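Just the heavy atoms: all of them, side chains too, but no hydrogens, waters or symmetry mates, feed the values below. Predicted model only: the values in this text are computed from it and were never measured.
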Amino acid sequence: MDSEGRERWGVAAVTALIAVALAFVVFRLGERASASVELSDPHVWVEHAVDGELLQINGTTGDISARVPVAQPGDEYVAMPHGGGAVVLNRTSQSVTFVDDVTAKLGPAIPLELPQPAADLDVFGSADKRADAVVIGDDRLITVDPATEVLTPIVVADGVGQSILDPQGRLLELDPSSTVINVLDRDGLKELRRLSEPVAGAESQRHLAVSGDATYLLDPARLSVSELGTDGTLFPATCLTSRARGSLVAGSSLTSPDSVGRIVVHDPERGVLSVSEPRTGACYDIDLDSSSSSFGPPVVVDDTAYLPNYGRGRIELVDLARRRPGENLPFASVRGRAFELEVFENVVWANEPLGPFAAIVSPSGIVPIAKADSVVRSGVLADDADGDGDSAAGAGAEQATGLVAIGSSGAPVAAAAGSDDGSVDGPGGGGSPSDTGPTDTSTEPIDSDVLGVTLDRDGDARDTQGLAASFR
């Protein structure tokens, strides 16, 4: 890396460290904090939708330092860091609330005042607690002032396209036609860069991604990846090896100025991960052993890509330095149900909002963190036809991996199987965990010692009586 690149990376790294300090250092430790917790320990926020809670987890010890009731059980909501606290978007009630960084108390619900209910809402927080949060809707952006609770809607006539936060903390939007990149400032949404017309009939649209200290414009139809300057300048393009379909795109989180920044595009239908290294000029494809077409957006830290395989309830790792698939780690309690992968302070966190665990994920494996008070150890279900320790819950249904959570009320929740349409009992259709197969009805309390759990990488739940984990 040349001196100019190192200087730019160094400035970005200092800025990022300041942002991390603002976003994740919380000065109230909470009722359940460990005595060994330090005030400087980083914290992350994860959803526990079974009980309608937002959990503040110490990133060093794994302790739950606060449980904040933010919604009714069963509500659909998402939380993002905002200052040292969080902003919570409740898609069910169509409202937004802020969690205070000092007291960890929930503020008042602020109705979004939409002309009609919207299903596809998202939210962005800020490293600065005084800055506005931004709610993303189908046809509008809504800035929310945490101090005054004032909403400012910005209606976008042609609809809102892909939105990201760039390394400077600005919200960028690529309009639905993929011809204009806009930036949000105090005066509204402003044009940053006008683009050429997309290739006619292209299967994949352009996409924005952040890698390290830079933002990139990906154009699969033209097999190109171009760095986007803060003033809208597009720098000379780097190659992309294939016209990957879909929008499962990710940039890299980098831990040092010598780390290689990458843009990855996952094409589950073809079982290929296309990789571009803009600053080295390299591009290549990695063939994957994917057993499911149901994947979520990947994340990348340094030389490892993490692919959430919803269909198998697993996290597939890809070694980008060696250009080959890596470990295949079991995570989700229910196969076929979406879970989240996020990067906080260059650490990958997994969370299943309706499941009993969050987890820290690395190339070395998974360290689960219990969100529920206890779990039921269930036996292998009778219809484990493939012998992998998982169970089939019926055609078209979500499939169990043998975990049943016990909520704070003591009642079983997040049953081990279920379908979204209610045709199979379980978390999607209601019903009892016992409906899914033979179950040991005894429960085992969980505390911070669950950090000693190491998941069985082979996912062989038979060795652990239905739990893909061994409690040490």
Out of curiosity, L174 CG to L195 CG, how far, rounded to the nearest 0.5 Å?
7.0 Å

A side-chain contact here means heavy atoms from C-beta on lying under 4.5 Å apart; do V160 and E173 qualify?
yes

Ignoring hydrogens, what is the shortest heavy-atom contact between V87 and G125? Give both atom names and the distance.
CG1-CA, 4.1 Å

Quick check for you: to the nearest 0.5 Å, what is the distance between R337 atom CZ and L354 atom CG?
4.5 Å

Salt bridge K371-E53, side-chain N to carboxylate O under 4.0 Å:
no

Report, as yes or no, whether the 6.0 Å neighbourhood of atom CD on Q72 holds more than 12 heavy atoms from other residues, nucleotides or ligands.
no

Evaluate V361 against F331 for side-chain contact (heavy atoms from CB on, under 4.5 Å), listing each step before the verdict.
CA-CA 10 Å; V361 190; F331 171 67; 6.0 Å; no

Do we see a donor-acceptor contact under 3.5 Å between the side chains of S256 and D258?
no

Roughly how far, to the nearest 0.5 Å, is CD1 of I181 from CZ of R194?
11.0 Å

D302 side-chain N/O to T255 backbone N/O, donor-acceptor pair under 3.5 Å:
yes

Working for side-chain contact (heavy atoms from CB on, under 4.5 Å), residues V135 and L151
CA-CA 10 Å; V135 176; L151 302 175; over 6 Å; no

Ignoring hydrogens and geometry beyond distance, is a side-chain donor-acceptor pair present between E342 and N351 at under 3.5 Å?
no

Closer than 4.0 angstrom, basic N to acidic O: yes or no for R262 and D303?
yes

Check whether E327 reaches the backbone of P363 with its side chain - one donor and one acceptor, N or O, closer than 3.5 Å.
no

Residue pair L307 / L273, side-chain heavy-atom distance below 4.5 Å
yes

Decide yes or no for V156 and D175: does some side-chain heavy atom of the first lie under 4.5 Å from some side-chain heavy atom of the second?
no

So do the side chains of S333 and F357 get within less than 4.5 Å of each other, counting heavy atoms only?
no

Y306 vs V343, side-chain contact (heavy atoms from CB on, under 4.5 Å): CA-CA, chis, key distance, verdict
CA-CA 10 Å; Y306 301 78; V343 179; over 6 Å; no

Roughly how far, to the nearest 0.5 Å, is CZ of R335 from CZ of R314?
8.0 Å

To check you understand the geometry: which heavy-atom pair defines the closest contact between L320 and V300, and what is its length?
CD1-CG1, 3.8 Å

Non-hydrogen side-chain atoms of D75 and V70 separated by less than 4.5 Å:
no

D231 and T233: side chain donor to acceptor below 3.5 Å:
yes

Side-chain touch D132/P146, heavy atoms, less than 4.5 angstrom:
yes

Closest approach of V348 and V299, non-hydrogen atoms and distance?
CG1-CG2, 4.1 Å

Within the distance-only criterion (no hydrogens, no angle test), does the side chain of H82 pair as donor or acceptor with the backbone N or O of S126 below 3.5 angstrom?
yes

If only atom types and distance count, is the side chain of E316 paired as donor or acceptor with the main-chain N or O of N328 below 3.5 Å?
no

Applying side-chain contact (heavy atoms from CB on, under 4.5 Å), run through M80 and D122 and close with a yes or a no.
CA-CA 10 Å; M80 293 297 291; D122 210 343; 5.6 Å; no

Does a side chain donor of either N58 or S65 reach within less than 3.5 Å of an acceptor in the other side chain?
no

Under 3.5 Å: donor-acceptor pair, side chain of W45, backbone of P81:
no

Which heavy atom of G188 sits nearest to which heavy atom of I154, and what is that distance?
CA-CD1, 4.1 Å

What are the two closest non-hydrogen atoms of G261 and S252, and how far apart are they?
C-OG, 4.0 Å

Between G137 and L121, the two heavy atoms sitting closest are CA-CD2, 3.8 Å

To the nearest 0.5 Å, how far apart are CG in L172 and CG in L208?
6.5 Å

Mind checking whether V183 and L189 have side chains closer than 4.5 Å, heavy atoms only?
no

Quick check: do V318 and V264 have side-chain heavy atoms less than 4.5 Å from each other?
no

Sort out for me which residue in Q162, R206, Q205 forms a side-chain hydrogen bond (donor to acceptor under 3.5 Å, both in side chains) with S178.
Q205

For Q56 and A104, indicate whether the former's side chain and the latter's backbone hold a donor-acceptor pair under 3.5 Å.
no

When you check the side-chain N and O atoms of T230 and Q168, is any donor under 3.5 Å from an acceptor?
no

OG1 on T152 to CG on L141, rounded to 0.5 Å
11.5 Å

